[in-house]
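Below is one structure, written out as structure tokens; comments come after it.
In what follows, chains are A, B, ... by sequence order, proteins preceding strands, each numbered from 1.
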Number of protein chains: 2
Amino acid sequence: MRNRIKDLRLVYDLTQDELAEKLEVSRQTIISLEKGRYNPSLILAYKISRVFMCRIEDVFIFEEGNENG
Amino acid sequence: MRNRIKDLRLVYDLTQDELAEKLEVSRQTIISLEKGRYNPSLILAYKISRVFMCRIEDVFIFEEGNENG
DNA sequence: ACTTTACGTAAAGTATACTTTACATTATAT
DNA sequence: ATATAATGTAAAGTATACTTTACGTAAAGT
């Protein structure tokens with residue numbers, strides 16, 4: 001599972017800190033997400049999609065043919 | 001956050017056990033999800049949406065005006 | 001009567017999402 | 001030169017998703 005968080009964050013001209021605040025998570029969480037270190041909860045994924053005004057599937061890319069997702 | 005897992009499972013005529021197998025999770029996980037006891041991981045949410053051939057947002061309903069999600 | 005199937009609960013264990021703190025690096029500004 | 005802002009790493013701690021086992025119940029089949 002890949003994601004476009006970093007790209008979208010830059011499009012919206014936000015720092016990691018600012019995005020973390022909007023999402024009510026720590027900056028570490030943003031870093032880990034951007035680096036693809038884990039698989040967020042659905043609620044966090046949803047909040048992210050709302051910040052970027054799009055659908056979950058527009059932020060997170062689940063490539064068929066599975067590396068687990 | 002509500003979800004339509006139980007409804008969709010019945011539409012697809014699956015038992016909890018069968019759905020659990022398809023998703024590669026335990027039956028307990030299905031029960032807990034149907035009962036709304038927790039907030040799944042994004043990957044699990046995605047797999048569920050694939051089983052039911054729809055989008056994540058069609059399975060999980062995030063009512064605006066937040067009880068967290 | 002009894003067995004089987006489907007659903008449910010409870011409780012303890014494991015894996016992992018997410019936090020917190022502390023420190024390093026690079027770029028920009030003064 | 002040094003201060004500040006933004007990004008990154010590492011490691012230990014907490015919360016919670018998910019598993020496993022064991023047991024209870026109600027309905028349907030034989």
Practice problem: Measure from the side-chain N and O atoms of N3(B) to the backbone N and O of G36(B), and report whether any donor-acceptor pair falls under 3.5 Å. | Solution: no

Quiz item: Given atom CG of L44(B) and atom C1' of dA17(C), what is their separation to the nearest angstrom?
Solution: 14 Å

Quiz prompt | Out of dT7(D), dC7(C), dC18(C), whichever nucleotide has its closest atom nearest the side chain of K6(B) | solution = dC7(C)

Quiz item: To the nearest Å, how far apart are K47(B) NZ and dC18(D) C1'?
Solution: 12 Å

Practice problem: Would you indicate whether E21(B), at its atom CD, is surrounded by more than 12 heavy atoms from other residues, nucleotides or ligands within a distance under 6.0 Å? | Solution: no

Quiz item: In whole angstroms, how far is the C1' atom of dC7(C) from the CZ atom of R37(B)?
Solution: 12 Å

Quiz item: Are I61(A) and L10(A) linked, directly or through other ILVMFWY residues, by side chains that come within less than 4.5 angstrom of each other?
Solution: no

Practice problem: Select one nucleotide: of dC18(C), dG8(C), dC18(D), the one nearest the side-chain heavy atoms of S41(B). | Solution: dC18(D)

Practice problem: Figure out the CD1/C1' separation between I5(B) and dC18(D), and round it to whole Å. | Solution: 14 Å

Quiz item: How close or far is atom P of dG24(D) from atom CD1 of I31(B), stated in whole angstroms?
Solution: 16 Å

Quiz item: Considering every strand shown, what is the Watson-Crick or G-U wobble mate of dT30(D) when both distances are under 3.5 Å?
Solution: dA1(C)

Quiz item: Got a donor-acceptor contact below 3.5 angstrom from the E57(A) side chain to the R55(B) backbone?
Solution: no

Quiz item: S26(B) has a side chain; which of dT9(C), dG8(C), dT19(D) sits nearest to it?
Solution: dT19(D)

Quiz item: How long is the line joining CG of N39(A) and P of dC18(C), in whole Å?
Solution: 8 Å

Quiz prompt | Interatomic distance where CG belongs to D13(B) and P belongs to dC7(C) [whole Å] | solution = 10 Å

Self-check item: Donor-acceptor under 3.5 Å (Y12(A) side chain, F52(A) main chain)
Solution: yes

Quiz prompt | Shortest side-chain distance from R9(B), nucleotide among dT9(D), dC7(C), dC18(D) | solution = dC7(C)

Exercise. Ignoring the backbone of Y38(A), work out which of dT19(C), dA17(C), dC18(D) is nearest its side chain.
Key: dA17(C)

Quiz item: Nearest to the side chain of K35(A) - dG8(C), dC18(D), dT9(D)?
Solution: dT9(D)

Quiz item: Counting side-chain heavy atoms from CB outward, which of dT21(D), dG8(D), dA6(D) is closest to Q28(B)?
Solution: dT21(D)

Quiz item: Looking for any heavy atom pair under 4.0 Å, which part of the strands does D17(B) touch: base, sugar-phosphate only, or nothing?
Solution: nothing

Quiz item: Between L14(B) (CG) and dT5(C) (C1'), how many Å, whole number?
Solution: 15 Å

Quiz item: Distance check: side-chain N/O of T29(B) vs OP1/OP2 of dT19(D), anything under 4.0 Å?
Solution: yes

Exercise. Check every atom of dT9(C), dC18(D), dC7(C) against the side chain of R27(B) and return the nucleotide holding the closest atom.
Key: dC7(C)

Practice problem: Look at the side chain of Q16(B) against the base of dT5(C) and say whether a donor-acceptor pair falls under 3.5 Å; ignore hydrogens and angles. | Solution: no

